[in-house]
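Order of the sequence lines sets the chain letters (A, B, ...), proteins ahead of strands, with each chain counted from 1.
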Number of protein chains: 2
Amino acid sequence: MPSISIRDVAMRAGVSVGTVSNVLNRPNLVAEATRERVRAAIGELGFVRNESARQLRQGRSRTFGVVLESLANPYFTDLARGAEAAMNTDGFDAVWCTSDGSAAKERRCLDFLEEQRVSGVIITPVGLDAERIAELHDRGLSVVVLDRRTYSSVCSTRVDHVAGGEIAIDHLLGRRHRRLAIVTGPLLQEPIKDRYAGATAAARRAGLTEQDLVTLVRNDMTPTAGKEAAQRLLEVDALPTGVFCANDLLAIGLVNELLRAGVKVPGEISVIGYDDIELAGTSVVPLTTVRQPRHELGWTAAALAVAEAGASGDHEHRQVVLSPSLVVREST
Amino acid sequence: MPSISIRDVAMRAGVSVGTVSNVLNRPNLVAEATRERVRAAIGELGFVRNESARQLRQGRSRTFGVVLESLANPYFTDLARGAEAAMNTDGFDAVWCTSDGSAAKERRCLDFLEEQRVSGVIITPVGLDAERIAELHDRGLSVVVLDRRTYSSVCSTRVDHVAGGEIAIDHLLGRRHRRLAIVTGPLLQEPIKDRYAGATAAARRAGLTEQDLVTLVRNDMTPTAGKEAAQRLLEVDALPTGVFCANDLLAIGLVNELLRAGVKVPGEISVIGYDDIELAGTSVVPLTTVRQPRHELGWTAAALAVAEAGASGDHEHRQVVLSPSLVVREST
DNA sequence: AGCCTAGCTTGAAACGATTCACGATCTTTG
DNA sequence: CAAAGATCGTGAATCGTTTCAAGCTAGGCT
């Protein structure tokens, strides 16, 4: 019951604590016979290293914190997997926190992670100003910002959502659609704003006028919100023939509701989503969408974080931009 | 850069380290003036408590580990939220790990958590025998098993999936369906097996024969697997008129594929799912399903874990069983 | 024999917080 | 006015690791 410590192991194996520690951390320094004796003792006693003590001594832990907005969107799951995979290959662990889009909760997550003395943080900032980021940095944490343009003084990795928005609209335009609608989420979120910016830019470039381009802004980006958007759309006089939804969940809710209302997709309305989550491919009408390299995004973020944490002194911050791509299915 | 410690704060405020610690942990023991002086010093220096040191001294951390099979299913998100909420109200934190259904990864998660000296573990065991559970227990961890019947020597909380399976089939039978199909996932997973057991029991009880009840076992429980199941079903001579899918993702994939094939739902085939994830309500054909009280499940698990961790000596293990309920929508 | 070297092992000093028995002051009371 | 509480603060011991200078041994070299 009283936790087994390295000291107990040392006693059992008839060596000093220093030697046990060496077996654990630099086994090559220890003679074969001793090493085996210590390992045996560890096994017999069921010793488990106390990370708290290790961290205390080393000043920093072997884990990184990842602060995401939510885990509700399958999008994040892949990202998380990518990040975790990259961490693990370098012998680090990842710990997940969610801010639920609230600045207060985000702050709590960061406090928690700071108290844990994590090596670094990967974060999609919600209420985080550059100042607080710099502060984290000064405390010796490596910081990687996910999917945000506006933090230039740290490493970051993101998808080029402006390009993504353009791809979507260009695709619709390429299919001869001239009356378009954009269903988007909260424009305060940078990636969402960018998709919207890219989309409108592409539309304008093609000479579309204000009334050829309806915009619906929703607070959520859930299937339910998509459903409501469809209902709203159906109230409009002239139905658009092409719709770009800022994510797949919105698109799925929207398509489903349109179908329920008897509108043919893609017959009467073409719909394109964003993300390429698994469900996109298995909807009633498999969804054309803009794919984000989510796994790669997570992987890159983790790699950057690890690199910075390992760098001694001269570290150069990098901003890695990944490109989205078009996945054509049946909804357009 | 050299992390600010309690000692620096003490120096700055002109008090001893003991006093600073008291301000942090039992502020009522400290005179108002001193308390404020210390708080000011903390603020000015940007002191952040080092959890490693605290844990080392206290022998145990204020966090619990939660080991889930995956985060890919939205089902887990709610569960996680419920658990986190309960933890937070009691001043604890939760740390998430995923086993991805692999015993090896599960072991790694547990090692990680043990090294962190978490107060306890909430887990849906994958490759975990009662022995290892007991071992964790002996080491002073509180253990709560999620959604498994077979561990009687620890606290656990689960949904009565046998009842859930019965509810589903009884509902179909109630709608006069006599030729049924069950699409299920890996029967090695206890909850899945239970749903199946409940379903077949209900069918047998109603006098259905072998050939009135087709069973399709899939390895995954994803929309893609549901889609494949639909294709398989369409190859069968006599199409069943009612289908029970062991989760909503399967059901959604299946319904979508049926619709694509021109089969009317619920006109020709009725489908009932399991879980009641958000998507169930927003499908083309809103899905009838068996709802699990996920949030409550998470909450209960956390509450049990906290209770056990707080209990001194005489703790009685409890098994809490929650009931699923029927949500009727349009797919039946 | 005497000296080096290489290879192992040792043991004590951190790391930063918490705890607790014990002082130091200040009030109250008989 | 002395004794007895009350109220606050103190500082050393402690938790379990890692680290590192120093010690020991055995063997090789001159």
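- Listed pair A:S21 / D:dT18 meets the phosphate criterion, a side-chain N or O lying under 4.0 Å from OP1 or OP2.
- Remark: A:S61 engages A:Q55, A:T63, A:V118 in a side chain to side chain contact (heavy atoms under 4.5 Å, CB included) (not counting sequence neighbours).
- Ionic pairing of A:E114 and A:R107 is not present here: no N-O contact between side-chain nitrogen and carboxylate oxygen is shorter than 4.0 angstrom.
- B:R35 places a side-chain N or O within 3.5 Å of a backbone atom of B:P27 that can act as its donor or acceptor partner.
- By the salt bridge (Lys or Arg N to Asp or Glu O under 4.0 Å) test, A:R149 is found to be paired with A:D194, residues two or more places apart in sequence or in another chain being considered.
- To the nearest angstrom, C1' of C:dA17 lies 9 Å from CZ of B:R7.
- For B:E84 (side chain) and B:A94 (main-chain N/O), no donor-acceptor pair under 3.5 Å exists by modelled atom type.
- In the region residues 52-64 of chain A, proximity to DNA chain C at under 4.0 angstrom, judged on heavy atoms, holds for A:L56, A:R57.
- Legend: residues meeting salt bridge (Lys or Arg N to Asp or Glu O under 4.0 Å) with B:R39, ordered by chain and number and at least two apart, are B:E36.
- Applying the salt bridge (charged side-chain N to carboxylate O under 4.0 Å, His left out) test to residues at least two apart or on different chains, the pairs with a partner in residues 70-81 of chain B are A:D100-B:R81, B:D78-B:R294.
- Look at CZ on A:R117: it is 11 Å from C1' on C:dC15, rounded to the nearest Å.
- Shown here are the side chain to side chain contact (heavy atoms under 4.5 Å, CB included) partners of B:S156, two or more places apart in sequence or in another chain: B:V145, B:Q319.
- Panel note: side chain B:T19, backbone B:V15; no donor-acceptor pair is recorded below 3.5 Å.
- With sequence neighbours left out, the ring-ring contact (aromatic ring centres under 6.0 Å, His included) criterion links A:F76 to no other residue.
- Atom pair A:I6:CD1 and C:dA14:P shows a separation of 19 Å (rounding to whole Å applied).
- With sequence neighbours excluded, the residues forming a side chain to side chain contact (heavy atoms under 4.5 Å, CB included) with A:R117 are A:R60, B:S3, B:V48, B:N50, listed by chain and number.
- In this structure, B:N88 contributes its side chain and B:A85 its backbone to no donor-acceptor pair below 3.5 Å.
- Between B:L24 atom CG and C:dA17 atom P the separation is 8 Å, expressed in whole Å.
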| said: Protein within reach of the bases, or only the backbone? For nucleotides 4-12 of chain D, mark each nucleotide 5' to 3' as B, S or -, using heavy atoms under 4.0 Å. | reply: ----SSBB-
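- Distance CG (B:N50) to C1' (D:dG16): 14 Å, rounded to an integer number of Å.
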| field | Sequence-aligned protein contact record of nucleotides 21-28 of chain D, with B where the base is within under 4.0 Å of a protein heavy atom and S where only the sugar-phosphate is | value | --------
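- The CD atom of A:E115 sits 13 Å away from the C1' atom of C:dG16 (whole-angstrom rounding).
- Taking atom CG of residue A:N25 and atom P of nucleotide D:dC20, one finds them 12 Å apart after rounding to whole Å.
- For B:R26, no side-chain nitrogen or oxygen approaches OP1 or OP2 of C:dT18 to under 4.0 Å.
- A donor-acceptor distance shorter than 3.5 angstrom exists from the side chain of A:R148 to the backbone of A:P125, with no hydrogens or angles considered.
- With sequence neighbours left out, B:H295 forms a ring-ring contact (aromatic ring centres under 6.0 Å, His included) with no residue at all.
- For the strand DNA chain C, secondary-structure stems (runs of at least three Watson-Crick or G-U pairs, all distances below 3.5 Å) span C:1-30 with D:1-30.
- Atom CG of B:L45 and atom C1' of C:dG16 are 15 Å apart (whole Å).
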